[in-house]
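Numbering starts at 1 and runs along the sequence shown. Everything quoted here is computed from the prediction, not taken from an experiment.
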Amino acid sequence: MKRIKAMTAMALCSMVTFSTLSSHAAEEPLMDPRFCQTCHGVDGIGNEGIQAPRIAGMEPWYLKRQLHSFKDGLRGTHPQDIEGMEMQPMAAILSDAEIDEVTRWVGSWPYVPAEPTLQGDADRGRTLFTPCASCHGNQAQGNEALNAPALQGQNDWYLLTQLKNFKAGYRGAEAGDRFGAQMRGMAQMLADEQAMIDVISYINTLGKK
């Protein structure tokens, strides 16, 4: 039932978005495609009900790459990636210039770390996180040079969904998605969902003052 409600909410999100785009299309080319808030929230802090993650404070270079990945069919095409399939048509209708505009706009939102919702064994997660740190940093702060986004402060339910998607091959299996393929390989190192929850629980402890 929860899954059905989430899918219904995402469908309504898509309807609102395309309605907004249609009204713009009748007037002039869309130069301000700021419909992200429909799903990701007015402050860009995410919406668990429809699995729309926090984008406020997300690195512009990473956001831009993901929008292009969705647009180019490198992400959000697997039938089991329900949330990705909802995002893919949102990105597909954007021009490169509009993606640049969205990236600049979202990049200006203040960073607000998401509240933890998962509880696992953070001590075990510390050990499991060791190989992750080689790309994402020892504080999960991200590393642009290695094309690895920050993980700290992201919605933990979103991180869990994406790890499960990578491990199952729902994400990172498309030809040409070399960064996704790298992450897919790393996800195989986590034995099961509990291991994922444990490593994410450790990530939730990082960046705290």
Side-chain angles (χ1 to χ4, degrees), residues 1-18 20 34-59 62-63 65-67 69-70 75-91 102-103 105-107 109-122 125 128-129 132 136 140-142 149-168 170-172 180 183 187 190 192-208:
M1 179 63 71
K2 182 178 179 181
R3 188 69 166 180
I4 293 174
K5 289 181 178 179
M7 291 177 67
T8 301
M10 286 189 289
L12 290 173
C13 173
S14 299
M15 290 171 63
V16 171
T17 298
F18 280 117
T20 301
R34 303 183 179 189
F35 49 83
C36 312
Q37 294 166 314
T38 306
C39 294
H40 295 276
V42 293
D43 297 320
I45 59 175
N47 184 333
E48 183 177 4
I50 55 175
Q51 287 282 304
R54 172 189 64 78
I55 55 176
M58 185 178 287
E59 303 97 320
Y62 180 72
L63 177 61
R65 193 178 84 218
Q66 293 310 304
L67 286 173
S69 290
F70 278 118
R75 185 177 173 189
T77 58
H78 195 288
Q80 295 301 316
D81 182 9
I82 304 299
E83 295 80 19
M85 290 185 68
E86 288 292 332
M87 183 62 203
Q88 197 278 329
M90 303 297 102
V102 168
T103 300
W105 177 57
V106 173
W109 295 2
Y111 165 72
V112 178
E115 291 293 326
T117 66
L118 300 176
Q119 292 186 342
D121 185 343
L128 293 172
F129 182 75
C132 311
H136 293 279
Q141 74 273 25
L151 302 177
Q152 64 167 253
Q154 184 53 279
N155 308 102
D156 53 12
W157 42 263
Y158 175 74
L159 294 179
L160 178 59
T161 296
Q162 296 311 306
L163 281 174
K164 290 164 69 174
N165 284 351
F166 277 122
K167 187 174 179 66
Y170 303 160
R171 180 178 174 188
M183 189 60 213
L190 296 173
D192 50 30
E193 183 172 333
Q194 186 58 56
M196 295 177 186
I197 292 174
D198 290 344
V199 74
I200 293 170
S201 295
Y202 173 65
I203 291 171
N204 280 340
T205 71
L206 301 176
K208 306 292 185 183

Ignoring hydrogens and angles, tell me if any N or O in the side chain of H40 forms a donor-acceptor pair with the backbone of N47 under 3.5 Å. no

Between Q51 and T161, does any side-chain donor sit less than 3.5 Å from a side-chain acceptor? yes

Would you give the length of the straight line joining atom CD of Q88 to atom CD of E86, rounded to the nearest 0.5 angstrom? 10.5 Å

Let me confirm one number: the CG-CG distance from N155 to L118, rounded to the nearest 0.5 Å. 10.0 Å

Value rounded to 0.5 Å, distance of CG in N204 from CD in E115: 9.5 Å

A quick test of your reading: do over 12 heavy atoms of other residues, nucleotides or ligands sit less than 6.0 Å from CD of Q119? no

Distance (rounded to the nearest 0.5 Å) between L128 CG and I200 CD1: 11.0 Å

Which heavy-atom pair separates P110 from A56 by the least distance, and what is that distance? O-CB, 3.5 Å

Between P53 and Q154, is any pair of side-chain heavy atoms under 4.5 Å apart? yes

Taking all non-hydrogen atoms of both residues, which atom of L63 and which atom of T103 are closest, and how far apart? CD2-CA, 4.1 Å

Of all the heavy-atom pairs spanning G125 and Y202, show the shortest one and how long it is. C-CB, 3.7 Å

Chi angles and distances behind the side-chain contact (heavy atoms from CB on, under 4.5 Å) call for Q152, T205: CA-CA 8 Å; Q152 64 167 253; T205 71; over 6 Å; no

Roughly how far apart are Q66 CD and M87 CE, rounded to 0.5 Å? 9.5 Å

Checking side-chain contact (heavy atoms from CB on, under 4.5 Å) for the pair Y111/R54: CA distance, chi angles, key distance, verdict? CA-CA 9 Å; Y111 165 72; R54 172 189 64 78; 3.6 Å; yes

Looking at every non-hydrogen atom in both residues, tell me the closest pair between F166 and A187 and how far apart they are. CB-CB, 3.7 Å

Smallest separation among heavy atoms of G44 and W109, with atom names: CA-CZ3, 3.0 Å

From CA spacing to verdict: side-chain contact (heavy atoms from CB on, under 4.5 Å), D156, I203: CA-CA 9 Å; D156 53 12; I203 291 171; over 6 Å; no

For V112 and D43, run side-chain contact (heavy atoms from CB on, under 4.5 Å): C-alpha distance rounded to whole Å, both residues' side-chain angles, the deciding distance at 0.1 Å, then the answer. CA-CA 9 Å; V112 178; D43 297 320; over 6 Å; no

Are the side chains of K167 and M196 in contact, using a 4.5 Å heavy-atom criterion? yes

Which value, rounded to the nearest 0.5 Å, describes the distance between L163 atom CG and R171 atom CZ? 9.5 Å

List the atom of I197, the atom of G120, and the distance in Å for their closest heavy-atom pair. CG2-CA, 3.9 Å

Once salt bridge (Lys or Arg N to Asp or Glu O under 4.0 Å) is applied, do any residues pair with D198, and if so which ones, sequence neighbours excluded? R124

